[in-house]
Structures are given as C-alpha cells and as structure tokens.
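What follows is a single structure, written as structure tokens, with notes after it.
Order of the sequence lines fixes the chain letters, A, B, ..., with proteins taken first and strands second; residue numbering starts at 1 for each chain.
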Number of protein chains: 2
Amino acid sequence: MISKYALDRDDVTLSGRLVRSMRDAILAGDLKGGARLSEREMTEMFGVSRGLVREAVQTLAAEGLITVVPHKGPTVTLLDRHAAANLYRVRGALEGLACAEFATRASDAQREELFAIFKRLESMLGKEDPNALVEAKNDFYRCLLSGADNEVLELMFTQLNNRIVQLRRLTLSASGRFSVTLQEIGAIIDAIRNRDAPLARELAEAHVAAAAAVVQRRFDNSD
Amino acid sequence: MISKYALDRDDVTLSGRLVRSMRDAILAGDLKGGARLSEREMTEMFGVSRGLVREAVQTLAAEGLITVVPHKGPTVTLLDRHAAANLYRVRGALEGLACAEFATRASDAQREELFAIFKRLESMLGKEDPNALVEAKNDFYRCLLSGADNEVLELMFTQLNNRIVQLRRLTLSASGRFSVTLQEIGAIIDAIRNRDAPLARELAEAHVAAAAAVVQRRFDNSD
DNA sequence: ATTGACAGACTGTAGGACAATCTGCTTGAT
DNA sequence: ATCAAGCAGATTGTCCTACAGTCTGTCAAT
C-alpha cells in the first residue's frame, strides 16, 4: 500500500513536467498539426536543454502524438480522414469495453459519481460554455475508466483520446449535436444502472460511431 | 505513394536500432521481468552513449515495456495476475475488432494468405517446434492486422502483444491446449471466410478469454 | 530550364561535469 | 541489543560542448 502522503513522483523530474507541457501544448492546439518542432525552438520555448527535449520527443512519438522523420526533425502528427476513421474504430472498441467493465465491476460510489457527472452534463444543455463542457466530458471519462479498474485500458484509451482531441473540436462545434450526444450517453447510463454490460457496450460503440460520422462529414466539408 | 525503392528510413539511426535491440532483448527474455536496467550497464551492453540509452528508455517506457522510477532507474515491467487479466481484456477487444475488420475489408489476396498461414499452423499439430510455432503465430497476426487496414489498431495491438509475450510462454507450454487453440482459430477462419464479421469478432473474443483463463490458472499454480 | 556544387542549418551521437537523490552501512545514544 | 541519525558511495537528473552526418535552398554553369 502506497502512503497517501507520498510525493507525486511523476512530477518531481523536469523531464516529466516537460513531457506534460509539450503534450498540453499540442492538445491545446498551440502546436498545430503538421507544425515542425525543431530542437532549438523547443529548447527556447520550454527553457530546457536539448537532451531533455529529445527525450520528451521520444515519449510523445511513442504515443503517436508526434512523428519523427530522421534528419528532418519531429512534427505534430497530422490526422487525415483515413487516420481519423481508424482512430474512432479503435476507440469504439475500447470505449465499449470500458462501459461494459464499468457496468460489471464499478463500486456503488463510482456509479453514483458517474451519474452525478452526467447530471452536470445535462445541465449544460443550452448554455454555451465549451471549456466547462470539455472539462465535464473529461471528468466523465476519468470516472468511467477508474470504475473499469483496468490500468491497461486506461493507458490505451488515454493515448487514443489524446490523439483524438484535435478532432473533438470538430464534433463539438457541430451545433445541434449536443442534445443527441446527451441522449446517447443517457442511454448508456441507463444500461449501466441496470448492470446490463452487453447493452452498455453496444450503445457505447454506436455513440462513438455517430461521433466518427460527424467527423467524417467535417472532412468532406473542408476538402 | 511511397516509392518501392525508398530506403528503410526507420533503421538509419542508431537510436532506432537501439530501441529495437532493447525491445528484442526484453521480448526474448534476456532481460527478465523486474530486471534493473541501469544506464551504465546499458551503455556497456549496447555500446552506445548514455544519451541514446536514455532516449530508448523513454520510448520503451511509453510502450509500457519498462517502468521508470525516478532516481532508482528503469526496470523491466513486471506483470502480476491483475495486470495480466487486464491486458487480456483489452486484447480481446482489439483482436475482436481486428477479426471483424478483416472479415469486412480484407482483399481476396489477404484472405488467401491468412488461410494459408492457418494451414501452416494446422500442420504443426503433433510436432514440437516452439520457435516455428511462435513465428507462424506472428505471421498470422501480421496478416490479420494488415488486412484490417488500420494503422492505429496495428500499433496498439502490437504494443499490447509485446507486453503479453512474456505471458505467452505460459500458455504455449500448456500441453493439450494447442489442439483447442487450433479449433478456436479454425472457427474464426470460417467466420471470416463467410464474411460474418460479428461472429468472427465474438469468436475472437472467446478465444482470447480462453487464453486468459489459462494464464490465470498458471498464476494460481505458481503462487 | 536543368544540373551540380556549395554553404548553412539542423539533427545524430558522444562524453564530461556537477547537482540531486537514493541506499546501505556505520556510528552513537538509549 | 535496538533503533535513530548521519555519512559515503552509487546512480540518476540535467546541462553543456563538440563534431560528424544529412538535408535544403541557393547560385552558378551548362
């Protein structure tokens, strides 16, 4: 058992914080898809040595967030329509699993928390607050994954989600979609409440497929 | 379209080869679970500078193959019973997706190749050649993933599989299991032949669950 | 207009230096 | 004898410098 008061060892090293900062910069859109990340620029931008930058790049490359071409330097991985479709297919499988596992294994407290977060989401209908919405969605997934009690799934889902974040901007801005989203999630919540894992899984997969369809349509429009 | 004659740029850098070497060393079991990987030892073992070792460690850590504890150094990630169960759950979801996608989207040539590899597997029943068996299984999955035509899935499945390799030794050595395995895979093959994606998926998930059960039983015995 | 050579910029790799931290052992007090 | 404090050695964390290898754009020559 790890002490409740143990320091957060994930944060003590500069490397760790650098990886987070770079990841956040990409997820926040400050470093856009396709942007070149020369070592020199990065050392200036984050105020650390070249060695640390190179280590961080390796980490993010392994996560798929960055693409490294030898002797040309890393770039922020660009998502085309095909890659987007593939990401969503895998995400459907993982999110389905997460919902099924949650329905089967989550504790009562975790269930209540999930329901509460959903209520918070519902209360946002009509209001226009993208930041709060994104945060609530993040809470939702965090709770879902924690209840699924599977660190492997958590890791892979998080990695996948990080890559999808760039695309989520597209789905969120699709007006009128939010109420549909709420209905879909509501159905999943009901299935979880009834501990119906297969149904929860099926609904979750359908939900992701619907989101994927929206993204694909966006690609059509911008081509 | 990338030229057929383009050099393999994945291998030109020492870093790239080092990552491969270290990964292979872990997968081959030369670096066992829990083994400590001090930077000094690694520089001597692979004959490269400390910087390269650190970069490679970052990459493999992001893949989950090694665990880094600040100021104590990296170790080969150790799999306990809980982690093993979690790995197999996720693997079930991904392998199910891969089979379904293959059934739906693979070309005729890819189908034929998969069937041929399966025949090769069948011919191994009775003979005792673990190496050839592992290689044939690898070919099987390579073909499966290539037919699923989803690089994201391919990446995640490969990462997952790398972590499971340590455990696969346990399932393979389970005598009498191989003929059952063949039957299970044979059923999947039939479903793929009939282009029945949902069935292929279901069977694949059941197949993984069976393998997971074997592993769990092994954990019981060795405790 | 195409080719070829050159220069500048950037990455790839090595190795050293010092600070921060951990671990185990010794020492000292109770 | 036991336990706490503290010291020493080893290891990692971080930065810096240096040089070789590779890419890209430019400019002259054909």
Side-chain angles (χ1 to χ4, degrees), chain A residues 1-3 5-23 25-26 31-32 34-63 65-78, chain B residues 2-3 5-23 25-26 31-32 34-78:
Chain A
M1 180 63 189
I2 292 173
S3 160
Y5 299 103
L7 290 177
D8 182 358
R9 293 311 202 179
D10 292 353
D11 267 298
V12 287
T13 63
L14 198 49
S15 345
R17 287 193 301 249
L18 175 62
V19 169
R20 267 174 220 227
S21 293
M22 284 187 67
R23 188 165 29 219
I26 294 172
L31 298 172
K32 297 221 168 68
R36 303 194 52 197
L37 306 170
S38 90
E39 292 179 3
R40 197 180 52 76
E41 276 176 48
M42 294 299 106
T43 59
E44 288 169 4
M45 181 166 172
F46 295 99
V48 296
S49 76
R50 234 180 115 202
L52 285 193
V53 169
R54 291 179 62 86
E55 287 176 26
V57 164
Q58 289 289 113
T59 299
L60 297 177
E63 291 178 10
L65 233 46
I66 284 180
T67 304
V68 178
V69 180
H71 292 292
K72 292 189 67 174
T75 57
V76 178
T77 303
L78 204 54
Chain B
I2 293 172
S3 161
Y5 300 101
L7 291 176
D8 182 0
R9 294 307 204 181
D10 292 351
D11 266 295
V12 288
T13 63
L14 240 194
S15 344
R17 288 193 300 248
L18 175 62
V19 170
R20 267 174 220 228
S21 292
M22 284 187 67
R23 189 163 30 217
I26 294 172
L31 299 171
K32 298 223 169 69
R36 304 194 50 197
L37 306 170
S38 92
E39 292 178 2
R40 196 178 52 77
E41 277 176 49
M42 293 300 105
T43 58
E44 288 169 5
M45 181 166 172
F46 295 100
V48 296
S49 76
R50 229 179 123 204
L52 286 194
V53 170
R54 291 180 61 86
E55 286 176 26
V57 163
Q58 289 288 114
T59 300
L60 296 177
E63 291 178 10
L65 231 44
I66 72 186
T67 304
V68 178
V69 179
H71 293 291
K72 290 189 67 175
T75 57
V76 179
T77 303
L78 204 53

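- Across all strands shown, B:Gly73 has heavy atoms under 4.0 Å from sugar-phosphate atoms exclusively, and none from any base.
- Remark: C1' of D:dT12 and NE2 of B:His71 are 6 Å apart, rounded to the nearest angstrom.
- If you check the side chains of A:Thr75 and A:Thr67, you find no donor sitting under 3.5 Å from an acceptor.
- Here the C1' atom of nucleotide C:dA20 and the CZ atom of A:Arg17 are 13 Å apart, to the nearest Å.
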Quick one: which protein N/O atoms are closer than 3.5 Å to N/O atoms of nucleotides 4-7 of chain C? Pair and distance per line, please.
none

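- Judged by distance alone, with hydrogens and angles left aside, B:Arg50 brings no side-chain donor or acceptor close enough to the base of C:dG16 to form a pair under 3.5 Å.
- Applying the 4.0 Å criterion to OP1 and OP2 of C:dT23, one finds that B:Lys72 has a side-chain N or O inside that range.
- Taking atom CG on A:Leu37 and atom P on C:dA9, their separation rounds to 20 Å, with Å as the unit.
- At a threshold of 4.5 Å between non-hydrogen side-chain atoms, the residues B:Leu60 and B:Glu63 count as touching.
- Separating the CG atom of B:Leu14 from the P atom of C:dG12 is a distance of 11 Å, rounded to the nearest angstrom.
- OP1 or OP2 of C:dT13 lies within a sub-4.0 Å distance of a side-chain N or O belonging to B:Ser15.
- Checking A:Gly47 against B:Arg40, the closest nucleotide of DNA chain D that is more toward the 5' end is the one next to B:Arg40.
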